[in-house]
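Everything below concerns the one structure shown next.
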Amino acid sequence: MILSPKIAVLVPCYNEALTIEKVVKDFQHHIPEAEIFVYDNNSKDATVELATKAGAIVGNEKKQGKANVVFRMFREIDADLYIMIDGDDTYPVECIREMVDQFIENNCDMLVGDRLSNKSYKKENKRAFHNFGNNLVRNLINIFFGSELKDILSGYRIFSRKFVKNYASSIKGFELETDLSIYALHYGLAIEEYSINYRDRPEGSVSKLNTFTDGFKVIKLFFNLVRLYKPLLFFGMVSIVLFVLGILFMIIPIREYFEYQYVYKVPTLIFSIMLIIVSILSLATGLILDNISIIDKKNFKVRYNNTN
């Protein structure tokens with residue numbers, strides 16, 4: 001890691017006129033050597049004007065969705081170290097120097113601002129289902145990927161240049177944080193967390209998250225990523241379920257054969273055989289995709305290590 005890195009602060013924004021000026025000025029005060037980039041995502045308020053007035057470098061992304069904005073920033077902005085933060089003033093900037101120091105000293109690929117360990121998110125956030133959703137996603141990822149991360153969905157993160165220039169995804173919106181976490185876990189990148197004091201949005205500032213719609217998207221993304229990154233586990237589980245169902249359905253025609261030397265429920269027998277065949281195909285699919293995934297990991301490591 002470069003000892004005096006070029007630092008870029010990435011602030012994706014959509015209708016954050018109430019808070020964006022404060023966020024920019026806070027970074028100017030606490031880490032003055034950093035360049036602050038505010039990329040607007042079709043805001044209907046004065047976000048762009050206020051960010052420009054505050055001294056930020058302002059860009060624009062027409063495709064709606066937080067992930068689309070961040071992808072553009074990753075492509076266009078050149079730095080050694082990237083700080084990503086929301087423009088709603090819910091994350092503390094006063095601790096950023098300590099976060100950067102930890103990131104550099106431990107040679108991290110990604111450092112996450114952990115809102116959950118000290119229960120500040122639970123205390124400040126008034127939406128009960130958000131707390132439930134955070135815990136659910138965290139537990140699922142930790143179980144399936146064998147990790148011990150404390151906060152999966154935090155939008156306050158620091159990335160290395162290697163991470164930013166190698167990261168790729170097809171998502172569009174608020175599933176970004178989940179994808180970033182699973183991506184780093186899958187490729188064995190160095191992840192650390194720093195406990196922060198989260199604060200809720202100031203009065204008048206409105207969240208763009210929909211508890212149920214976005215929550216469903218995150219859960220859907222999680223299972224899609226398990227299928228992509230852990231195909232043997234995913235298709236193996238499908239195979240076991242189908243095989244067990246096939247055996248259960250086969251019990252009736254087998255019992256008939258032993259009792260009457262004739263199978264009366266032929267459709268049930270055919271269905272059970274089909275289930276078992278599909279279960280075997282599912283397992284074979286998982287094995288093939290798992291080998292492809294192993295090769296992809298090896299190629300990624302070579303590409304990652306060769307990134308300047």
Side-chain angles (χ1 to χ4, degrees), residues 65 67 128-149 152-153 168-188 209-301:
F129 281 106
H130 280 218
N131 293 311
F132 171 78
N134 268 280
N135 291 328
L136 175 62
V137 173
R138 179 188 62 189
N139 292 334
L140 283 173
I141 289 176
N142 283 338
I143 290 171
F144 277 83
F145 288 86
S147 58
E148 296 180 353
L149 296 180
I152 300 294
L153 301 178
S169 179
S170 59
I171 62 170
K172 299 177 181 178
F174 282 98
E175 313 97 310
L176 174 67
E177 287 78 10
T178 305
D179 190 71
L180 287 167
S181 298
I182 294 179
Y183 176 88
L185 288 171
H186 173 69
Y187 288 112
L209 285 172
N210 182 291
T211 301
F212 297 102
T213 302
D214 289 310
F216 174 76
K217 288 180 181 177
V218 168
I219 298 298
K220 179 182 176 183
L221 173 69
F222 166 75
F223 284 106
N224 279 334
L225 291 177
V226 170
R227 176 178 56 83
L228 177 65
Y229 291 143
K230 291 191 172 292
L232 184 57
L233 174 63
F234 181 85
F235 287 100
M237 292 174 64
V238 172
S239 175
I240 290 171
V241 171
L242 293 175
F243 186 81
V244 170
L245 287 174
I247 294 299
L248 290 176
F249 276 103
M250 192 177 285
I251 289 174
I252 295 174
I254 288 177
R255 189 174 60 188
E256 285 181 342
Y257 179 79
F258 280 106
E259 286 186 10
Y260 310 111
Q261 283 73 53
Y262 188 84
V263 176
Y264 293 96
K265 293 183 174 60
V266 175
T268 303
L269 178 62
I270 294 173
F271 181 66
S272 66
I273 293 172
M274 286 177 59
L275 286 174
I276 292 173
I277 291 173
V278 173
S279 78
I280 295 171
L281 290 174
S282 178
L283 180 60
T285 300
L287 288 168
I288 294 169
L289 293 178
D290 188 61
N291 285 326
I292 294 174
S293 179
I294 291 171
I295 294 171
D296 173 64
K297 279 186 179 181
K298 291 180 179 179
N299 291 336
F300 174 85
K301 287 184 182 295

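Heavy-atom basis, side chains included; hydrogens, waters and symmetry copies ignored. We're numbering straight along the sequence, starting at 1.
For the side-chain contact (heavy atoms from CB on, under 4.5 Å) test, residues two or more places apart in sequence or in another chain that qualify with I288 are I292. Residues satisfying the ring pair (Phe, Tyr, Trp, His ring centres under 6.0 Å) test with Y229, not counting sequence neighbours, are H186. Applying the side-chain contact (heavy atoms from CB on, under 4.5 Å) test to V266 and every residue at least two apart in sequence or in another chain returns V263, I270. Among residues two or more places apart in sequence or in another chain, the side-chain contact (heavy atoms from CB on, under 4.5 Å) test is passed with I280 by I276. By the side-chain hydrogen bond (donor to acceptor under 3.5 Å, both in side chains) test, S293 pairs with no residue at all, sequence neighbours left out. Every side-chain contact (heavy atoms from CB on, under 4.5 Å) that I295 has, sequence neighbours left out, goes to N299.
Partner L242 forms a side chain to side chain contact (heavy atoms under 4.5 Å, CB included) with one of L281, I247, L275 and no other, that one being L275.
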Side chains of residues 137-144: which donor-acceptor partners sit under 3.5 Å, not counting sequence neighbours?
unit_1, atom_1, unit_2, atom_2, d
R138, NH1, K150, O, 3.3
R138, NH2, N135, OD1, 3.1
N139, ND2, N135, O, 3.0
N142, OD1, S147, OG, 2.6
N142, OD1, L149, N, 3.0
N142, ND2, R138, O, 3.3
N142, ND2, L149, O, 2.9

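Each salt bridge (Lys or Arg N to Asp or Glu O under 4.0 Å) pair with one or both residues in residues 280-297, not counting sequence neighbours, would appear here, but there are none. Note on residues 255-282: pairs passing salt bridge (Lys or Arg N to Asp or Glu O under 4.0 Å), not counting sequence neighbours, are E256-K265. The ring-ring contact (aromatic ring centres under 6.0 Å, His included) pairs that include a residue from residues 258-297 are F249-F271, Y260-Y264, Y262-Y264, where partners are two or more places apart or lie in different chains. Legend: salt bridge (Lys or Arg N to Asp or Glu O under 4.0 Å) pairs involving residues 227-248, not counting sequence neighbours: none detected.
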*Where do F222 and V218 land on the side chain to side chain contact (heavy atoms under 4.5 Å, CB included) test, with the steps shown first?*
CA-CA 6 Å; F222 166 75; V218 168; 5.7 Å; no
